[in-house]
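The structure appears right after this line, and notes come after that.
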Amino acid sequence: MSSPLFQFEANPAPVEANERSRLLENPGFGKLFTDHMAMVRWSDDKGWHDAKVMPRGPLTLDPATAVLHYAQEIFEGLKAYRLDDGGTALFRPLENARRFRESAERMAMPLLPDDLFLGSIEALVKADRDWIPSIDGSSLYLRPFMFASEVFLGVKPASEYLYLVIASPAGNYFKGGAPAVTIWVSDHYTRAAPGGTGAAKCGGNYAASLVAQREAIAQGCDQVVFLDTAERRWIDELGGMNLFFVFDDGSMLTPPLGTILPGITRDSVLTLARDQGIAVREAPYAIDQWEADAKSGKLVETFACGTAAVVTPVGRVKSRDGEFTIGSGGPGQVTQALKARLTAIQRAQTPDPHGWVHRFG
Ligand SMILES: Cc1ncc(COP(=O)(O)O)c(C=O)c1O
């Protein structure tokens with residue numbers, strides 16, 4: 001579109017305006033898509049080339065395309081917001097660009113420069129700006145991803161890749177906005193071992209988590225919490241969110257980085273809490289301690305955080321041994337205050353002391 005780096009090819013048959021407005025009244029999550037997509041190619045001999053925004057449509061892949069066999073794939077997730085003054089903003093997009101590079105490094109893939117990452121997103125959002133929903137709490141969810149597109153069955157880093165961005169208007173991640181979610185403790189399946197890919201945002205991590213997520217749903221829970229691989233004792237994170245614990249002395253704790261995904265929401269919450277003078281520790285927390293602290297009243301709140309679900313209270317924890325309730329089982333005060341502060345900054349409704357809001361267009 002207007003990005004000098006990206007050629008623009010308009011969709012000749014975009015969704016008609018009335019139909020788009022109807023769809024945007026109840027976008028749900030991850031099932032509705034815009035008219036365009038961004039694409040950049042990479043090959044060993046040419047590097048990054050052929051950057052364009054084009055009509056969104058199916059990809060044709062040879063059955064021997066490497067990603068279909070060895071899952072050399074990474075992705076990101078971030079949101080574009082419609083601001084009260086009519087402008088458009090992204091939240092900390094260069095952090096996503098950095099994490100995308102770190103994931104690429106871990107998966108032996110080429111590193112996408114920041115100007116192409118940001119340029120692809122800005123060009124796509126400008127083309128599909130009318131798809132940003134305006135109902136309360138909604139946004140345009142952006143999904144940059146890259147995969148091995150070389151047609152070759154040898155097990156080695158591919159010599160060709162496709163990078164794409166698609167956009168999906170989004171309402172609430174949890175059905176009904178979920179006042180508080182219930183978590184299932186995965187005592188058998190783990191997500192990430194030291195030296196593995198837990199800190200990378202690669203598709204394989206999510207494929208491996210699905211059986212545990214299915215177990216959680218069968219147990220009537222919303223999400224699964226994974227424990228460490230060695231002792232099945234230390235709390236890592238949820239299938240798609242990081243965790244924070246709030247204690248009766250006002251302090252907070254979150255599991256340390258290493259095998260978990262370094263969440264951008266996690267980092268933002270850490271910063272906002274510290275800004276407010278809250279003592280926050282990044283330290284291991286054991287599952288049995290979580291239960292004991294919840295039962296004694298020492299632990300008063302737990303919340304999950306991530307781009308998709310923002311800040312979501314955890315009300316109940318269920319495992320094969322029984323279940324326990326956190327606080328009142330509903331949203332706690334610290335959780336609600338941090339959520340309100342974070343969303344106000346994301347939507348540019350309050351001063352942005354850390355320069356996190358990236359306005360454009
Ligand atoms: C496994 C996992 N943990 C944590 C997060 C939260 O990360 P962020 O706040 O950057 O969205 C996500 C979502 O991307 C995730 O998939």
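Read the numbers this way: they start at 1 and go in the same order the structure lists the ligands and their atoms. The figures here come from the full heavy-atom set of this structure, side chains too, leaving out hydrogens, waters and symmetry mates.
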*What orientation do Trp356 and Phe91 show, parallel under 30°, tilted 30 to 60°, or perpendicular over 60°?*
perpendicular
*asked:* I'd like to know if the side chain of Arg274 and the backbone of Val280 have a donor-acceptor N/O pair within less than 3.5 Å.
replied: yes
*asked:* Tell me if the CZ atom of Arg232 is crowded by more than 12 foreign heavy atoms within 6.0 Å.
replied: yes
*Are the aromatic rings of Tyr285 and Phe245 close, with centres under 6.0 Å apart?*
yes
*Give a yes or no on whether Asp136 atom CG has more than 12 heavy-atom contacts from other residues, nucleotides or ligands under 6.0 Å away.*
no
Between ligand 1 and the protein, tabulate every N or O atom pair separated by less than 3.5 Å, reporting distance only.
{"from": "ligand 1", "atom 1": "3 (N)", "to": "Glu237", "atom 2": "OE1", "distance (Å)": "2.6"}
{"from": "ligand 1", "atom 1": "9 (O)", "to": "Ile264", "atom 2": "N", "distance (Å)": "3.3"}
{"from": "ligand 1", "atom 1": "9 (O)", "to": "Thr265", "atom 2": "N", "distance (Å)": "2.8"}
{"from": "ligand 1", "atom 1": "9 (O)", "to": "Thr265", "atom 2": "OG1", "distance (Å)": "2.5"}
{"from": "ligand 1", "atom 1": "10 (O)", "to": "Arg99", "atom 2": "NH1", "distance (Å)": "2.8"}
{"from": "ligand 1", "atom 1": "10 (O)", "to": "Arg99", "atom 2": "NH2", "distance (Å)": "3.1"}
{"from": "ligand 1", "atom 1": "10 (O)", "to": "Ile264", "atom 2": "N", "distance (Å)": "2.8"}
{"from": "ligand 1", "atom 1": "11 (O)", "to": "Thr307", "atom 2": "N", "distance (Å)": "2.8"}
{"from": "ligand 1", "atom 1": "11 (O)", "to": "Thr307", "atom 2": "OG1", "distance (Å)": "2.6"}
{"from": "ligand 1", "atom 1": "14 (O)", "to": "Lys201", "atom 2": "NZ", "distance (Å)": "2.6"}
{"from": "ligand 1", "atom 1": "16 (O)", "to": "Lys201", "atom 2": "NZ", "distance (Å)": "3.2"}
{"from": "ligand 1", "atom 1": "16 (O)", "to": "Tyr206", "atom 2": "OH", "distance (Å)": "2.5"}

*Are Leu83 and Thr88 close enough that some pair of their side-chain heavy atoms sits under 4.5 Å apart?*
no
